[in-house]
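Worksheet: one structure, shown below.
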2 protein chains.
Amino acid sequence: MSVTRERIMELAEELILTKGYNAFSYQDISSELGIKNAAIHYYFPSKANLGTSIVKNNFLRFEEMIENMDIRKFDEVKQLESFLRVYVKSAREQKICVIGSLGPDFNTLPEASQKELQKMTNRIIDWLTKLLETGRYNGVFAFKGDAHNRALLVLSTMIASLQMARVLDKQAFKDIHQSLIDDLIA
Amino acid sequence: MSVTRERIMELAEELILTKGYNAFSYQDISSELGIKNAAIHYYFPSKANLGTSIVKNNFLRFEEMIENMDIRKFDEVKQLESFLRVYVKSAREQKICVIGSLGPDFNTLPEASQKELQKMTNRIIDWLTKLLETGRYNGVFAFKGDAHNRALLVLSTMIASLQMARVLDKQAFKDIHQSLIDDLIA
DNA sequence: TTGCATACTTACTAATTAGTAAGTATATTT
DNA sequence: AAATATACTTACTAATTAGTAAGTATGCAA
């Protein structure tokens, strides 16, 4: 893989997570990387293509994360903690998450990006649902109601807590994050 | 107040809640209302001004809502339900909320809009905190931990549930909304 | 009836946007 | 050595953006 291509993707993702899809431009990337606009088009013919690539890449990283956790046979609490750590890292870096950034812009996204974002979100919800269900069965989680609804609640909470931290302050993320864990751990 | 001014504000708010701040343009408004671009500039000299006006207007509507509830002496559950009804209505209309739309775009907003959004968010959190605290004291709410943290959690949940409904489907909002209430009502 | 404020339109600008076509340097393969 | 593929740059376009300055129609007040 080309190093330039990777630097473009890395920066584009950062721009999406800090400025949003509709606020970042090819110029933002080219000026920062010291390359020309057309160089980005060489690797990513359209902004739609670049955006979709970033969602796909994010999806891939999630799949890799849960694969590694399966192998090491982490218990449910550890798996949840690993999942939540991704958001803790984002909060530290003043970023929000991909779903929280592209979700509000959903109606303006190219169809391929929309589809990929939906696929990833469903995949995360499915994984979380199973994790919560199993964890409750094993007595490490305690919560009322359907595990699927709880999974939606957990993901929603993490998405919004990063956004709240942006509007208010970092403490907001920590507070929400702690409340979530308090509610869930048996 | 001018009727044109009001129609601009109404449409601009809708555009922010459906397309986002950085994706909507003065053209979107002028073409829809059958007026010229410059007519919008007559009422709102800059996009910064228009954006800030919309946040202020939203803030005002929240203040009016909680004022009306105080007068009628609604109990805490009714007050929470009234508050949540705003989000239920948004979900029906395929909209997200102002904080959920402008929050992710925060870094790209003009300073006046940022300040106003912060003020409004803090005001909502303060109101929710007191409501939850009083409601728990009166035995109608049941939750663990600090009321302020719980207020952050409630607001976060509503913000993100609208976004999740956009990415997934309306059922996602209903599920999250129900989980939230189940958790809170004693 | 003159003057002034309100509510716009006309006509424009400068900047930025994504995107393209054609050229070029370098490395690799044949 | 020649041909080809890779990784770009140069130079451009058409569309869209927020914003402005000057003009105009209408109503109302002095």
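We name chains A, B, ... by the order of the sequence lines, and we start the count at 1 in each one. Just so it is clear, the values below take in all heavy atoms, side chains as well, and ignore hydrogens, waters and symmetry mates.
- Classified by interplanar angle (parallel below 30°, tilted 30° to 60°, perpendicular above 60°), the ring pair F83(A)/W127(A) is tilted.
- Residue Y43(B) has a polar side-chain atom (N or O) positioned under 4.0 Å from OP1 or OP2 of dC8(C).
- Here the closest heavy-atom approach between residue Y87(B) and residue M158(B) is recorded as CB-CE, 3.4 Å.
- Annotation for R150(A) and K144(A): closest pair NH2-O, 3.2 Å, computed over non-hydrogen atoms.
- Atom CG of N22(A) and atom C1' of dT16(C) are 14 Å apart (whole Å).
- The side chain of T4(B) places no N or O atom within less than 4.0 Å of a non-bridging phosphate oxygen (OP1 or OP2) of dA7(C).
- Checked against E13(B) for a salt bridge (charged side-chain N to carboxylate O under 4.0 Å, His left out), the options R7(B), R61(B), K19(B) give a single hit: R61(B).
- For the pair K36(A) NZ and dT10(D) P, the computed distance is 5 Å after rounding to whole Å.
- Not one side-chain nitrogen or oxygen of S2(B) sits closer than 4.0 Å to the OP1 or OP2 atom of dA7(C).
- Atom P of nucleotide dT17(C) and atom CG of L50(A) are separated by 14 Å, given to the nearest angstrom.
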Pairs under 3.5 Å (N/O, protein and nucleotides 18-20 of chain D):
residue : atom : partner : partner atom : Å
dA18(D) : OP2  : Y26(B)  : N            : 3.1
dG19(D) : OP2  : K47(B)  : N            : 2.6
dG19(D) : N7   : H41(B)  : NE2          : 3.3

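- I8(A) places its CD1 atom 11 Å from the C1' atom of dA7(D), with the value rounded to the nearest Å.
- The distance between atom OH of Y21(B) and atom P of dT17(D), rounded to the nearest whole Å, is 14 Å.
- K36(A) forms no cation-pi arrangement with Y42(A), by the criterion of a distance under 6.0 Å to the ring centre and an angle within 45° of the ring axis.
- Atom OH in Y42(B) sits roughly 17 Å away from atom P in dA22(D) (whole-Å rounding).
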When you look at E116(A) and K119(A), which way does the salt bridge (charged side-chain N to carboxylate O under 4.0 Å, His left out) test go after all the steps? CA-CA 5 Å; E116(A) 205 59 35; K119(A) 266 176 60 183; 3.8 Å; yes
